J.: 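Could you have a look at this structure, given as structure tokens, before my questions?
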Number of protein chains: 2
Amino acid sequence: MNVSSNPKRKTILLTGKELFWKFGIKRVTIEEICMEAGVSKMTFYKFFSNKMDLVRTIMDDIFDISLKEYRSIMDSDLPFTEKVSQSILLKREQTKAMSSEFFSDFYGHADPEMVEYFEQLKNKNIQMIADDYARAQKDGDIRQDIKVEFIIYFLNQLLEMTHDDKLLNLYDHPQDMIMEITKFFFYGILNREVHT
Amino acid sequence: MNVSSNPKRKTILLTGKELFWKFGIKRVTIEEICMEAGVSKMTFYKFFSNKMDLVRTIMDDIFDISLKEYRSIMDSDLPFTEKVSQSILLKREQTKAMSSEFFSDFYGHADPEMVEYFEQLKNKNIQMIADDYARAQKDGDIRQDIKVEFIIYFLNQLLEMTHDDKLLNLYDHPQDMIMEITKFFFYGILNREVHT
DNA sequence: TCCTTTCGTACTCATTTCGTACAATCATGA
DNA sequence: TCATGATTGTACGAAATGAGTACGAAAGGA
């Protein structure tokens, strides 16, 4: 049987993620994860060498899964506007339950190599997104006189906004907010020709 | 100057509350509270003898404040339906940011006397609420053939519901949900005569 | 039945946290 | 300007907690 599909291992990953999401890394102990997962410490150390190893695995998984989901959206036959709208919605779902605590803990307590490793992963992701938008620009979906870097920056700002309760409360449903945001996004960057 | 109005003390209470709310009690250290509050450890120990002392003070304050707010609603000249509606809204606001972690920590780690102390406070509060509803029943605001204890129980259930995202998402604004809930509450318990 | 996996407990060692002490610093009004 | 009380940062020993390992018992499938 493949080790990575071991049910105990999966449970550890899942409960680890849940606890880290809620409380950050340093506040969660290995014993606590074992308790919550209904698994003995020996089993934990069978699959992971320490807490940070578990964190890395969790983050690896997240990068992997979210990459796949993102690509399946961007490589689909949907119209460009729909792709962007869906990818924002996707990102929002992924980051919803995340505590900022997790990231500050990660950058504060993970060893530099690990931080470096994920910075590179993150940069590769950003680069890929940038490529997607650069291609869209070339294809005429986005007007020519706008920096792709600005778009990336702006997308991140939009993502932040989707988690802001003050904004959220303006809408009946989160989806309405997303729609409003993406609409705004497009009428700012879309080629005027598209609308004529 | 009154000790209890000392600004440093207030800051400690406030940041303590924030951290406890988010992470529970056992995950938060005194040094962390001091750091976050921008206060030295000596100052902390000047006002509180240990972490649990701080917890008790915070809970005391909460009981005290929420009691006052509740009474100001119930002793007002508002119609009974309005009183109930507002008191549910009040309770909801008070419990919104609370993590269940806080309470499980409290019951799990506080010494028995302290738990006992707050159980009594809580019971006194419940008794007071029960009295309010008993009086309302006597005054004819509530139909006679209903147990006050059932009402109390049901109010708690309603409160739980106001924090349920599945329910929340059915409404445009939380206020709409509260209104729906209280409406339901009343058309179940109100004297029929009122409606004729 | 045997063999592997998992569990619970117990243990050591390192780290963290607690609570206290003390000298240095700051604020402020006489 | 000085005195005084409040507050800070640092340091420290004691206590508690968490990490990681060892091992015998239990469970469970072949």
Side-chain angles (χ1 to χ4, degrees), chain A residues 1-58 101-102 104-114, chain B residues 1-20 22-58 101-102 104-112 114:
Chain A
M1 181 174 64
N2 188 357
V3 177
S4 72
S5 63
N6 182 299
K8 301 260 176 192
R9 199 187 109 106
K10 277 191 176 175
T11 317
I12 294 172
L13 278 169
L14 210 69
T15 55
K17 182 172 149 184
E18 268 174 32
L19 289 170
F20 290 146
W21 253 225
K22 257 195 281 185
F23 303 117
I25 298 169
K26 69 171 188 289
R27 286 176 217 267
V28 177
T29 71
I30 292 182
E31 299 192 68
E32 193 183 1
I33 296 171
C34 294
M35 280 271 286
E36 200 69 25
V39 147
S40 82
K41 246 203 282 193
M42 284 307 290
T43 311
F44 177 94
Y45 283 106
K46 179 172 193 171
F47 296 116
F48 309 98
S49 55
N50 52 38
K51 187 158 71 177
M52 271 311 169
D53 185 26
L54 174 62
V55 171
R56 174 172 50 246
T57 311
I58 289 175
E101 203 69 16
F102 177 78
S104 57
D105 266 17
F106 180 74
Y107 285 106
H109 296 284
D111 56 324
E113 314 145 36
M114 197 160 153
Chain B
M1 183 174 61
N2 189 356
V3 177
S4 73
S5 63
N6 183 297
K8 301 259 175 191
R9 199 187 110 106
K10 278 191 175 173
T11 316
I12 295 173
L13 279 169
L14 209 70
T15 55
K17 183 172 150 186
E18 269 174 31
L19 290 170
F20 290 146
K22 258 195 281 184
F23 302 117
I25 298 169
K26 69 170 187 290
R27 286 176 217 267
V28 176
T29 69
I30 292 182
E31 300 192 66
E32 194 184 0
I33 297 172
C34 293
M35 279 270 287
E36 199 70 25
V39 147
S40 82
K41 245 204 284 192
M42 283 307 290
T43 311
F44 177 94
Y45 282 107
K46 179 172 191 171
F47 296 116
F48 309 98
S49 55
N50 53 38
K51 186 158 71 177
M52 270 312 170
D53 186 25
L54 174 63
V55 171
R56 174 172 49 246
T57 311
I58 289 174
E101 204 69 16
F102 178 77
S104 57
D105 267 17
F106 180 74
Y107 284 106
H109 296 284
D111 57 323
M114 197 161 152

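Keep in mind it's a predicted model, so treat the numbers as computed, not measured. Proteins get letters first, then strands, A, B, ... in listed order; numbering begins at 1 in each.
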J.: Got a sec: does the NZ of A:Lys51 have more than 12 other heavy atoms crowding it under 6.0 Å?
T.: yes
J.: D:dA6 phosphate, OP1 or OP2: any side-chain N/O from B:Thr43 under 4.0 angstrom?
T.: no
J.: Whole angstrom is fine here: how far is it from NZ in B:Lys46 over to P in C:dA21?
T.: 16 Å
J.: Can you tell if the side chain of B:Thr15 reaches within under 4.5 Å of the side chain of B:Glu32, non-hydrogen atoms only?
T.: no
J.: Not counting sequence neighbours, which residues clear salt bridge (charged side-chain N to carboxylate O under 4.0 Å, His left out) with A:Glu18? List them please.
T.: none
J.: Please identify each residue that fulfils side chain to side chain contact (heavy atoms under 4.5 Å, CB included) with B:Ser49, with sequence neighbours left out.
T.: B:Asp53
J.: Under 30°, 30 to 60°, or over 60°: which ring-plane class applies to A:Phe106 and A:Phe102, parallel, tilted or perpendicular?
T.: parallel
J.: In whole angstrom, give the distance that lies between atom CZ of B:Arg27 and atom P of C:dT16.
T.: 17 Å
J.: If you look at every heavy atom in B:Met52 and B:Met114, which pair is closest and at what distance?
T.: O-CE, 3.3 Å
J.: Measure from CD1 on B:Ile12 to P on D:dT8 and round the result to the nearest Å.
T.: 8 Å
J.: Using a cut-off of 4.0 Å between protein heavy atoms and nucleotide atoms, how would you tag nucleotides 16-30 of chain D 5' to 3' with B, S and -?
T.: --SBBBBB-------
